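For reference, the structure discussed in these notes is given below.
Owing to the predicted nature of the structure, the values given are computational and were not obtained by experimental measurement. Atom set for the values below is all heavy atoms of this structure, side chains included, hydrogens, waters and symmetry mates excluded.
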Amino acid sequence: MIRLRSDVSSCSTEDGMVLLDECNGRYWQLNATGATVLRALLGGATPQQVSERLAAARPVTGERAAADVAALIDHLTRAGLTADAR
């Protein structure tokens, strides 16, 4: 399960979502698809479930959707935004 750190704020925008790391003041912007993926993950969906949803809703293969979801999780983790990243 993916969780954001308690000191990471999120805000929906017209184009997706913005994350703010309150410790260092850095902002991260997600497009609409990235925001949809993150919301699903934060809601308890597994990466596999999110990938399947993406492949069903968008013109993308299951393999590509899985790779994209994994890449987003990796970026969030490497940026230190996830609860278990520290």
Side-chain angles (χ1 to χ4, degrees):
M1 182 160 135
I2 301 296
R3 291 184 308 120
L4 295 177
R5 288 191 348 253
S6 61
D7 53 0
V8 173
S9 300
S10 64
C11 181
S12 294
T13 66
E14 194 172 300
D15 299 325
M17 179 185 286
V18 173
L19 304 175
L20 168 63
D21 183 337
E22 296 172 11
C23 287
N24 61 24
R26 291 188 70 186
Y27 284 91
W28 300 84
Q29 185 170 350
L30 301 177
N31 64 18
T33 301
T36 298
V37 168
L38 181 56
R39 283 187 198 101
L41 292 168
L42 293 175
T46 66
Q48 177 67 32
Q49 290 169 325
V50 176
S51 299
E52 290 170 0
R53 292 177 196 170
L54 276 180
R58 312 275 172 138
V60 62
T61 65
E63 293 81 17
R64 182 71 222 181
D68 289 347
V69 170
L72 178 60
I73 293 169
D74 182 58
H75 288 314
L76 294 171
T77 302
R78 284 189 295 123
L81 300 173
T82 58
D84 48 349
R86 284 190 171 183

Legend entry - Least distance between heavy atoms, Ala35 atom then Leu30 atom: N-CB, 3.9 Å

Legend entry - Min side-chain heavy-atom separation Trp28-Val18 under 4.5 Å: no

Legend entry - Test item: Arg5 and Thr82 side chains (from C-beta on) under 4.5 Å apart, heavy atoms: no

Inset, instruction - Enter the distance from Leu42:CG to Leu4:CG here, rounded to the nearest 0.5 Å. - result: 5.0 Å

Legend entry - Shortest non-hydrogen contact between Val60 and Ala65, atoms and distance: CG2-N, 3.9 Å

Inset, instruction - Evaluate the side-chain proximity of Leu20 to Val8: yes if any heavy-atom separation is below 4.5 Å, no if none is. - result: no

Legend entry - For Ala45 against Val50, the heavy-atom pair lying closest together: CB-CG2, 3.7 Å

Legend entry - Atom of Ser12, atom of Arg39 and distance for their closest heavy-atom approach: OG-NH2, 2.9 Å

Legend entry - From Leu72 atom CG to Leu41 atom CG, the distance as rounded to the nearest 0.5 Å: 7.0 Å

Inset, instruction - Inspect the surroundings of CD in Gln29 and state if more than 12 heavy atoms from other residues, nucleotides or ligands are less than 6.0 Å away. - result: no

Inset, instruction - To the nearest 0.5 Å, tell me how far Asp21 CG sits from Asp7 CG. - result: 6.0 Å

Inset, instruction - Evaluate side chain to side chain contact (heavy atoms under 4.5 Å, CB included) for Leu19 paired with Met17, printing each intermediate quantity in order. - result: CA-CA 7 Å; Leu19 304 175; Met17 179 185 286; 3.8 Å; yes

Inset, instruction - Measure the OG1-CG distance between Thr36 and Leu54 for me, rounded to the nearest 0.5 Å. - result: 8.0 Å

Inset, instruction - With side chain to side chain contact (heavy atoms under 4.5 Å, CB included) as the test, would you mind laying out the steps for Asp15 and Asn31 before giving the verdict? - result: CA-CA 6 Å; Asp15 299 325; Asn31 64 18; over 6 Å; no

Inset, instruction - Say whether, by atom type as modelled, one donor and one acceptor occur between the side chain of Gln49 and the main chain of Thr46 under 3.5 angstrom. - result: yes

